[in-house]
A.B. asks: 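Quick one: this structure, given as structure tokens, is what I'll be asking you about.
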Amino acid sequence: MADDQLSATFAALADPTRRALLARLAKGEATVNELAEPFSISLQAVSKHLKVLERAGLVVRGRDAQWRPCRLETAPLEEASGWISRYTEVQAERLDRLDEVVQGIVRESAARRPGAAGKPEEGPEEPEEEEETGP
């Protein structure tokens with residue numbers, strides 16, 4: 001298991017079953033049996049997934065009489081989201097630079113077109129005369 005929180009979070013999120021469990025817990029607390037209902041895997045397998053999520057700090061188990069409902073803990077997700085958003089900003093900056101380059105190409109292309117402002121209109125090209133060569 002990863003040493004830092006961010007690595008543990010991404011490792012836990014790498015599995016689609018664990019992501020589905022988190023999606024269910026986003027709707028509210030649930031027991032292991034309730035969480036296992038939509039899956040065709042054993043209760044033990046669901047418990048193993050929950051343990052991974054607990055180690056990553058994404059799930060907390062409470063106590064309600066004999067039940068131990070699971071609850072989503074969002075702080076690790078917020079940290080992961082913050083880490084991803086830094087790269088989203090880099091991507092946005094790259095798209096802005098690409099847009100500037102494309103706009104420059106469009107302006108340059110428009111300026112080269114016949115009849116463009118500041119450029120005399122050119123007529124159709126006349127065919128070149130062939131030199132007559134004597135017999």
Side-chain angles (χ1 to χ4, degrees):
M1 185 60 126
D3 294 339
D4 65 289
Q5 178 63 51
L6 191 58
S7 296
T9 299
F10 281 118
L13 294 174
D15 184 272
T17 301
R18 290 194 286 265
R19 290 193 302 270
L21 290 171
L22 291 177
R24 166 56 187 89
L25 289 173
K27 296 175 184 175
E29 290 186 353
T31 63
V32 175
N33 285 336
E34 291 169 335
L35 289 169
E37 283 176 10
F39 299 103
S40 59
I41 58 177
S42 67
L43 282 175
Q44 291 174 327
V46 171
S47 290
K48 285 183 181 180
H49 284 300
L50 286 172
K51 284 181 183 174
V52 172
L53 293 170
E54 280 184 279
R55 283 195 298 267
L58 293 162
V59 169
V60 175
R61 288 190 198 209
R63 181 164 296 278
D64 183 18
Q66 63 194 34
W67 307 106
R68 297 199 64 206
C70 299
R71 177 175 50 86
L72 175 67
E73 183 59 44
T74 59
L77 293 173
E78 291 167 8
E79 182 183 350
S81 178
W83 185 84
I84 290 171
S85 70
R86 281 185 265 155
Y87 296 96
T88 303
E89 292 169 8
V90 170
Q91 182 182 12
E93 290 171 10
R94 287 179 179 174
L95 287 174
D96 288 345
R97 285 195 310 253
L98 177 63
D99 186 50
E100 288 173 17
V101 169
V102 169
Q103 293 302 320
I105 291 170
V106 168
R107 281 190 301 270
E108 200 173 287
S109 176
R112 288 184 182 165
R113 272 190 241 135
K119 184 172 181 175
E121 190 168 329
E122 297 176 5
E125 289 185 25
E126 294 181 22
E128 292 181 22
E129 292 183 24
E130 294 183 23
E131 288 184 29
E132 290 185 27
T133 56

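Hydrogens, waters and symmetry mates are skipped; everything else that's a heavy atom, side chains included, is used.
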A.B. asks: Arg61 and Cys70: which non-hydrogen atoms are nearest, and at how many Å?
C.D. replies: CG-SG, 3.9 Å

A.B. asks: For the atom pair CG (Leu50) and CZ (Arg68), what is the distance rounded to the nearest 0.5 Å?
C.D. replies: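 Those atoms lie 10.5 Å apart.
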
A.B. asks: Of all heavy-atom pairs between Ser47 and Val32, which one has the smallest distance, and what is that distance?
C.D. replies: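 The pair with the smallest heavy-atom distance is OG-CG1, 3.8 Å.
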
A.B. asks: Do Leu6 and Ile84 share a hydrophobic cluster (ILVMFWY, side-chain heavy atoms under 4.5 Å, transitive)?
C.D. replies: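 Leu6 clusters together with Ile84.
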
A.B. asks: Please step through side chain to side chain contact (heavy atoms under 4.5 Å, CB included) for the pair Leu22 and Val59, ending with a clear verdict.
C.D. replies: CA-CA 8 Å; Leu22 291 177; Val59 169; 3.9 Å; yes

A.B. asks: Can you measure from NE2 (His49) to OG1 (Thr17) and round to the nearest 0.5 angstrom?
C.D. replies: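 Answer rounded to 0.5 Å: 4.5 Å.
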
A.B. asks: Excluding sequence neighbours, so at least two apart, what forms side chain to side chain contact (heavy atoms under 4.5 Å, CB included) with Gln103?
C.D. replies: Asp99, Arg107

A.B. asks: Can you get from Leu53 to Val60 by hopping between Ile, Leu, Val, Met, Phe, Trp and Tyr side chains that sit under 4.5 Å apart?
C.D. replies: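 Looking at the clustering, Val60 is in a separate group from Leu53.
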
A.B. asks: Backbone N or O of Ile105 within a donor-acceptor pair of the Ser109 side chain at under 3.5 Å?
C.D. replies: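 Flag not set: sc Ser109 to bb Ile105 has no pair under 3.5 Å.
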
A.B. asks: Hey, could you give me the CD/CG distance between Glu37 and Leu43, rounded to the nearest 0.5 Å?
C.D. replies: 10.0 Å

A.B. asks: Please check this pair: side chain of Ser81 against backbone of Leu77, looking for a donor-acceptor N/O pair closer than 3.5 Å.
C.D. replies: no

A.B. asks: Determine the minimum heavy-atom distance between Gly57 and Pro76, stating which atoms define it.
C.D. replies: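 That closest heavy-atom pairing would be O-CG, 3.3 Å.
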
A.B. asks: Could you state whether Val52 and Leu72 fall into the same hydrophobic cluster, counting links through intermediate Ile, Leu, Val, Met, Phe, Trp or Tyr residues with side-chain heavy atoms under 4.5 angstrom apart?
C.D. replies: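 Unlinked, Val52 and Leu72 end up in two clusters.
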
A.B. asks: Same cluster or not: are Leu95 and Tyr87 linked, directly or through other Ile, Leu, Val, Met, Phe, Trp or Tyr residues, by side-chain heavy atoms under 4.5 angstrom apart?
C.D. replies: no

A.B. asks: Under the side chain to side chain contact (heavy atoms under 4.5 Å, CB included) rule, collect the residues that match up with Ala30, sequence neighbours excluded.
C.D. replies: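 Counting only residues at least two positions away or on another chain, Ala30 forms a side chain to side chain contact (heavy atoms under 4.5 Å, CB included) with Arg24, Leu25, Glu34, Leu35.
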
A.B. asks: Counting N and O atoms only, with roles assigned by atom type, does the side chain of Asp4 sit under 3.5 Å from a partner on the main chain of Ser7, one being a donor and the other an acceptor?
C.D. replies: yes

A.B. asks: Just jot down the salt bridge (charged side-chain N to carboxylate O under 4.0 Å, His left out) partners of Arg71, sequence neighbours excluded, or say none.
C.D. replies: Glu73

A.B. asks: Less than 4.5 Å apart, any side-chain heavy atom of Val90 and any of Arg94?
C.D. replies: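 Result yes, sub-4.5 Å side-chain heavy-atom pair found.
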
A.B. asks: Mark yes or no for whether Ser85, through its side chain, and Gly82, through its backbone, hold a donor-acceptor pair below 3.5 Å.
C.D. replies: yes

A.B. asks: Identify the heavy atoms of Thr9 and Ala56 that sit nearest to each other, and give their distance.
C.D. replies: OG1-O, 4.1 Å

A.B. asks: In this structure, would Leu21 and Phe10 fall into the same cluster of hydrophobic residues linked by side-chain contacts under 4.5 Å?
C.D. replies: no

